Structures are given as C-alpha cells and as structure tokens.
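Below: the structure, in structure tokens.
Here the structure is a predicted model, which is why all the values come from computation and not from measurement.
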There are 2 protein chains.
Amino acid sequence: MPSEMALGEMLPEEAVRDAAHGGMDDVYSKPGHLIRRLQQIAVSVFAQECADHDITPVQYAALVAVRDNPGLDATRIAALVAFDRSTIGNVLERLEGKALIERRANPDDRRVKILKISRRGARLLDACEPAVLRAQDRMLDPLDARERKAFTTFMRRIIAQQDQPK
Amino acid sequence: MPSEMALGEMLPEEAVRDAAHGGMDDVYSKPGHLIRRLQQIAVSVFAQECADHDITPVQYAALVAVRDNPGLDATRIAALVAFDRSTIGNVLERLEGKALIERRANPDDRRVKILKISRRGARLLDACEPAVLRAQDRMLDPLDARERKAFTTFMRRIIAQQDQPK
DNA sequence: CGCTATTCCTCCGTATACTGTCAATTCCCG
DNA sequence: CGGGAATTGACAGTATACGGAGGAATAGCG
C-alpha cells in the first residue's frame with residue numbers, strides 16, 4: 001500500500017476486502033455506501049480542478065446562488081442550494097471573509113441581512129467556470145451520453161420524491 | 001414556509017428558485033449538486049429509520065466492517081469502508097465510547113490496535129438490520145427494479161474508474 | 001395598540017471528512 | 001546490525017452538515 005494515500009488515489013479497497021472477507025453483496029454494494037463514495041469523489045474531483053481558486057463545492061454553489069439572486073437573505077439562499085440554515089451561516093461567513101460577497105443589514109427589516117456578490121466574487125466565478133465544467137464532466141467520465149442522461153434523471157427523480165413525500 | 005423546517009421536509013427549493021431566477025440548466029442540475037443532495041437524502045433516510053438505535057450511517061458501516069473482519073486494525077478498516085484514516089479514528093473512538101467495539105494493543109506490533117466487535121455491538125447490528133434494509137430500499141423508491149440495477153451499475157462504474165485512474 | 005406567533009440570525013453541540021504533522025515503532029536494505 | 005524508509009495511531013486545523021436554543025425584530029390578529 002502506498003504510504004501517504006490521498007483519497008483520490010485510494011484503491012486497495014477491493015483488494016483488502018477480498019483478502020479479508022470476500023463478501024460481495026454486502027454493505028459495500030448498498031446505495032447508501034455507493035452514494036457516499038460518489039459524494040467523496042465529486043468533492044475530490046472538484047477540489048482537484050479548482051485547486052488554484054481556493055474555493056469548495058459548497059462555497060461555489062452558494063456564491064452562484066448569491067450572484068444569480070441578488071438581494072436575497074441567507075435563509076432563502078439556503079433553500080436554493082439545499083443547505084441547512086446553520087451551515088449556510090458559516091459558508092457565507094467564509095465567503096464574506098474572502099470578500100467574495102457583501103452582507104448588509106436591511107433597513108426595512110432589521111432581522112435580515114441582504115446578500116450581494118462582490119466584484120471580486122464575480123471575477124472568481126468567471127475564472128473558475130472552466131474548471132467547474134471540467135470537474136462536472138470528469139465525474140461522469142465513465143458514462144456515455146445516454147447513460148449520463150439516465151443517471152441524471154434517476155438522481156433527479158430520487159430528489160424530487162424526497163422533496164414531495166407522497 | 002413552515003417554521004421549523006428539517007431537511008427531510010424541505011421543499012420550497014424549486015419554488016424559490018423559479019420565483020427568483022427561473023434558471024433550469026444551471027448549477028442545480030449538475031452532477032455535483034445532485035450527488036450532494038442524494039447524500040443528504042441517504043443520510044436523512046437512514047437517520048429516520050434508525051432513530052431508535054442511536055447510530056449514524058458511518059458508524060454502522062464501520063461497525064459492520066469490524067464485525068466481518070475481526071482482528072484488523074484501524075487503517076485497514078478505513079480502506080474497507082473508504083474512510084480517511086483521521087475520520088476512522090474519531091468514528092472508532094465513538095464506537096468504543098458506546099461499548100460497541102473493543103480496541104486492544106497488539107503484542108506483536110505495538111503500533112497497532114486490534115479491533116473487535118463487542119457482544120453489545122453485534123446485538124445492535126442485528127437489531128437495526130431491518131431498519132437499514134428499509135432505509136436502503138426507501139432511497140431507491142422512485143426507481144423500478146431495472147432502473148435500480150442501472151443506477152447501481154452507473155455508480156459502481158464511476159467509483160471503479162476513480163479507484164483505478166487509467 | 002398590545003400581545004402572540006413567526007421569522008431571522010447566531011451560537012452551541014455533535015458528527016463527518018480530509019490534510020498535514022508527529023512520535024513511536026517496525027521494516028528492510030546495505 | 002545499523003539507519004533511513006515506511007507504517008500506525010493520534011492530534012490540530014479547516015470545512016461541511018444538522019438539530020436545537022435563544023434573542024432581536026416583525027407581522028398579524030383581536
């Protein structure tokens with residue numbers, strides 16, 4: 001086994017499993033496990049492609065949402081990108097810390113803080129768009145066009161069902 | 001919008017998006033976002049089904065790995081379930097805290113700590129197996145048998161490609 | 001107009017998740 | 001056999017992720 005083994009290059013999974021157990025139709029084949037692995041891969045690929053831009057997938061999604069919907073508050077941005085209210089708070093804090101967004105109090109309703117992307121944030125989004133597209137593409141690399149469409153459809157359907165239970 | 005909105009019941013996503021923007025072929029349709037949502041749902045469904053057992057998906061996976069491969073150390077368990085070495089450390093610590101596993105020093109190699117499931121851990125795994133199966137099933141609910149097979153195949157293929165990059 | 005319910009943000013606590021580092025230990029090659 | 005390389009567990013630091021509590025502010029109803 002290689003010494004310092006980043007997740008991206010981790011491969012002994014099957015080998016270890018076969019050597020130790022040999023189970024095949026086990027936990028490792030269940031959707032829960034596969035989905036977690038998929039998410040791991042998605043984050044890893046995104047990080048690789050966007051290494052120069054110092055931004056995470058979550059921060060990217062939030063930043064896009066803020067850009068495309070200026071004037072919304074944190075709660076509504078959270079709903080857009082499907083984040084928890086608590087989580088979005090930290091993410092926006094980091095974005096503000098990097099001067100990618102601006103948070104301003106709303107005079108009309110002093111509970112809310114209005115969100116707006118900064119010029120710097122807009123520039124960053126433009127700059128990393130090719131990398132993001134590459135990342136999205138690389139994830140689905142082993143699927144052909146028809147399979148990609150089917151895969152996306154399946155994911156959408158599962159998500160939609162969860163959004164409207166019954 | 002309902003006041004206390006848990007993630008499982010969050011649904012205004014589309015509504016907010018349509019009202020504010022109307023974008024369709026945007027970030028929200030990209031695999032990265034869909035996969036993150038899928039993982040969210042998987043965790044949420046698991047938590048719902050296993051609420052009585054006080055165990056998380058990650059802890060469950062680790063516990064099964066320890067049960068099925070007694071005598072392995074943390075690094076090898078991590079490779080089995082595709083966790084980071086740091087992450088597995090915390091997970092095992094919690095499992096040991098709940099007395100679900102036992103960690104013992106290996107006399108032959110004093111770097112290593114041998115892992116073994118406890119009787120309590122084994123009982124818990126037996127107890128929550130039905131709930132776990134229900135959870136795995138509910139995730140793929142909107143897909144029929146053939147689609148489930150295809151979906152699983154796609155996920156496996158993406159993961160395999162990432163494990164053996166070229 | 002006052003009171004209650006709601007909304008918004010923030011903070012706390014817990015659990016993943018990964019990188020990097022470190023000390024102790026063992027391995028292995030010369 | 002001696003010493004550098006590798007391995008293992010632990011720790012620090014950062015970033016998601018989610019539930020719950022709480023305070024400030026607003027809305028809505030009587």
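Rounding to whole angstrom units, CG of residue A/D84 and P of C/dC9 are separated by 13 Å. Atoms NZ (A/K113) and C1' (D/dA24) sit 12 Å apart, rounded to a whole Å. Summarising the geometry, the separation between CD1 on B/I77 and P on C/dT16 is reported as 15 Å, rounded to the nearest angstrom. In this entry the distance linking CZ of A/R85 with P of C/dC12 reads 18 Å, nearest Å. Counting to the nearest Å, the P atom of C/dC8 and the CG atom of A/L92 are 14 Å from each other. Going from atom CD of B/E93 over to atom P of C/dT16 covers 11 Å, rounded to whole Å. If you take CD of A/E96 and C1' of C/dC9, they are 13 Å apart, rounded to a whole angstrom. For the pair A/R37 CZ and C/dT16 C1', the computed distance is 15 Å after rounding to whole Å.
If you chain together hydrophobic residues whose side chains sit under 4.5 Å apart, A/I117 and A/V112 never meet in one group. In the hydrophobic clustering of this structure, A/V43 does not group with A/L63; members are Ile, Leu, Val, Met, Phe, Trp, Tyr whose side-chain heavy atoms approach within less than 4.5 Å, directly or through other members.
Taking 4.5 Å as the limit, every side-chain heavy atom of A/V81 sits out of range of all side-chain heavy atoms of A/V64. A/L80 has its side chain within reach of A/L72: a pair of non-hydrogen atoms, C-beta onward, lies under 4.5 Å apart.
Contact annotation: B/Q40 side-chain N/O to D/dA17 OP1/OP2 distance is not under 4.0 Å.
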Give each protein N/O atom lying under 3.5 Å from an N/O atom of nucleotides 24-26 of chain C, with the pair distance.
| residue | atom | partner | partner atom | Å |
| --- | --- | --- | --- | --- |
| C/dT25 | OP1 | B/R110 | NH2 | 3.2 |
| C/dT26 | OP1 | B/R110 | N | 2.8 |

Might you list the N or O atoms of the protein lying below 3.5 Å from N or O atoms in nucleotides 12-16 of chain D, with each pair's distance?
| residue | atom | partner | partner atom | Å |
| --- | --- | --- | --- | --- |
| D/dT16 | OP1 | A/T56 | OG1 | 2.2 |
| D/dT16 | OP2 | A/Q59 | NE2 | 2.8 |
| D/dT16 | OP2 | A/R94 | NH1 | 2.7 |

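Ring geometry, A/H33 versus A/Y28: the interplanar angle exceeds 60°, so the pair is classed perpendicular (tilted spans 30 to 60°).
Salt-bridge formation is not detected for the pair B/D126/B/R123: no Lys NZ or Arg NE/NH1/NH2 atom is positioned less than 4.0 Å from an Asp or Glu carboxylate oxygen.
For B/E147, the salt bridge (charged side-chain N to carboxylate O under 4.0 Å, His left out) partners two or more places apart in sequence, or in a different chain, are A/R157.
If you check the side chains of B/R37 and A/Q162, you find no donor sitting under 3.5 Å from an acceptor. No donor-acceptor contact under 3.5 angstrom links the side chains of B/R36 and B/Q39, judged on distance only.
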